[in-house]
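Only one structure is covered here, and it is reproduced in the block below.
Naming: A, B, ... by sequence-line order, numbering from 1 per chain. Computed from heavy atoms alone, side chains included, the values below leave out hydrogens, waters and symmetry copies.
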Amino acid sequence: MIYVSFCPLGVFAADASGKEVARVLFEHGNAAKNLRSCMSIAVSDSEKKLISQIKSDKIVFEQKKEGYEHEFPNPAGEYLRRNTESIAAKTGFASKEKFLEFVSSIALQRSSEKMIESFSSDKLVIQAVNAVDELDKVLNTLSIRLREWYGFYFPELGQKIQDNEQFVNYVAEELYRKDAKGIQVCESIGSDVDKKDLEEMQRLAKSLQAMYSERKSIEGYIDARMKEIMPNTTAIIGSVIAARLLSIAGSLEKLAKFPSSTIQILGAETALFRHLVSGGRSPKYGILFQTNYVQQAPFERKGKMARLLASKLSMAIKIDFYKGNPVGAEYKKALDAELAKMKKGR
Amino acid sequence: MLQKFGRDYATKSLVPGKRVYGERIIRKGKEEWRVWDPTSSKLGAALVKGLKNFPIKKGMKILYLGASTGTTVSHISDIVEHDGIIYAVEFSSRSMRDLIPLAKQRKNIAPILDDARLPENYAALIEKADLVYCDVAQPDQSEIIMRNAKVFLKPQGWMMIAIKARSINVAKNPKQIYSEERQKLSKMFNILEQIDLQPLEKDHAFFVGKMK
Ligand SMILES: C[S@@+](CC[C@H](N)C(=O)[O-])C[C@H]1O[C@@H](n2cnc3c(N)ncnc32)[C@H](O)[C@@H]1O
């Protein structure tokens, strides 16, 4: 039995006692490239060359290799892990330092390549949906600030217009008091303030308007991207909530590995933690609470709805990940029917 | 090189003029010493809490599992200098984005983007190490360090591990978790020291041991 393994210097063969029996060294400048091909499952050129030198027909690799057995760790690998440095000294490396620098540079190249390979567009959508959530926070905080500020001048408006965006639009575009929405300006209890006070409020309102419009634009972007990345999931719960699931999981790959019970409570980590530590109620839903399905289900059926939804979603997500046949519309129909039944009290 | 300055520990910078994580710098003539912040690094915390066994020395080969963005790795890099090496395994590509620029500055860091549970994936890059360090914050961290030590640690080699109780079981008492993990690790290592990192790191213990 002959064992084969490799290191940054080349491919080596050893017998069961770890004695070297053959080697094929990489050309110095091509080490990273050669190493990469040895790391893949196909037999590389250097490995073919080595095999041709080996007399035994029972060859065991240390890593998975097409058409061969493998065993990790194996005696050839053990031999290399003990001796690479001294082999390096004999094959032309001037010093330990030079050799270690060579190893680091190969590791660095390999990791950089893997970074580029591991990129996928779900990472972009995750940033985008996080930006939407952060914009919402900022918009909410600053809209409340604007209401307080503008309230000195025209307190009735804030009471009449509950919606933040509409309120911001009024201050940005109308600014001055006027009879509207059943408010009589002559009855206002607001104080008169200077023009420069009002203009500063208007500037803030205009910035907020710009943020609202940015939010819409990002949402449109998320929608378009999500329809490519997760068409089935998006068809069921919409692109933004689907993107939030993606964001909590970290990637589509990870999300696709979650069982439906995890998807059901994704986003309720704090509640789950409380449940585990102090035996509080176990959470029934996390992000899925935001969906129409759970929102519209009758109170006592929300938990059941979340469970049904999660089970359909977990299949849809897997199909999105493996790019299977579309099921989104069909699942959505089934869930819609279920919701209608629940609402009728059945 | 590692030295104490008053109550702080610091390592002599391999690349003067470059800060890694916003650490304080102490200047001594032409030398620059980077203060090891015990609230950013568990090994730094263990030192401040009186760690007696600190085997890391110039010229050592270190296998570091869970390198993250390289806070602790950078101090070890200062200590092992250019005739040593740190194989820095990290599986998050986000962390690797920061670790790679660090490795470009410090030639003794070999960044490895891979899962520490799968040593066969990166075995080709690594020689037997003098010390295996593990800080992956995973429920199976003891198994992870043993699987790596079995393949990569020299006989009588050292191990250091930070045990995060919360990542093993949020509901259990940390003390109980530490003793369970200690028992698991004792199959392969003689545990020489155990330090509770409280209050520098909440619910963390630090173990140092030697391969049996
Ligand atoms: C607590 S942090 C490490 C901090 C670092 N040791 C320091 O002191 O600067 C844990 C790191 O381990 C990484 N990690 C977790 N599981 C891993 C695994 N199986 N393989 C490789 N890295 C892992 C995480 O991505 C994270 O960056």
Under 3.5 Å, which donor-acceptor pairs link chain B and chain A? Put them in a table for me, please.
from	atom 1	to	atom 2	distance (Å)
B:G59	O	A:K96	NZ	3.1
B:K61	NZ	A:E85	OE1	2.3
B:D83	O	A:K96	NZ	2.9
B:K107	O	A:S104	OG	2.8
B:P111	O	A:S111	OG	2.7
B:L113	N	A:S111	OG	3.1
B:L113	O	A:K114	NZ	2.8
B:D114	OD2	A:K114	NZ	3.0
B:E120	O	A:Q63	NE2	2.7
B:E127	OE1	A:E85	N	3.0
B:K128	N	A:R81	O	2.9
B:K128	NZ	A:E78	OE1	3.1

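The most heavy-atom pairs under 4.5 Å with chain A, out of B:A123, B:A129, B:P111, come from B:P111. Listed options B:G59, B:A124, B:A110, B:A88 were ranked by heavy-atom pairs under 4.5 angstrom with chain A; first place goes to B:A124.
A:F119 does not touch chain B: none of its heavy atoms, backbone or side chain, sits under 4.5 Å away. Both the backbone and the side chain of A:M115 come within less than 4.5 Å of a heavy atom of chain B. Of the atoms belonging to B:I109, it is backbone heavy atoms, and not side-chain ones, that fall under 4.5 Å from chain A. Only the backbone of B:I126 comes within less than 4.5 Å of a heavy atom of chain A; no side-chain atom from C-beta onward does.
Contacts of B:Y21 classified as ring pair (Phe, Tyr, Trp, His ring centres under 6.0 Å), with partners at least two apart in sequence or in another chain: B:H75.
In this structure, A:V103 and B:L125 approach most closely via the heavy-atom pair CG1-O, 3.6 Å. Shortest non-hydrogen contact noted between A:F72 and B:P119 is CZ-C, 3.9 Å.
Atom CG of residue B:L99 and atom CG of residue A:L108 lie 9.0 Å apart, to the nearest 0.5 angstrom.
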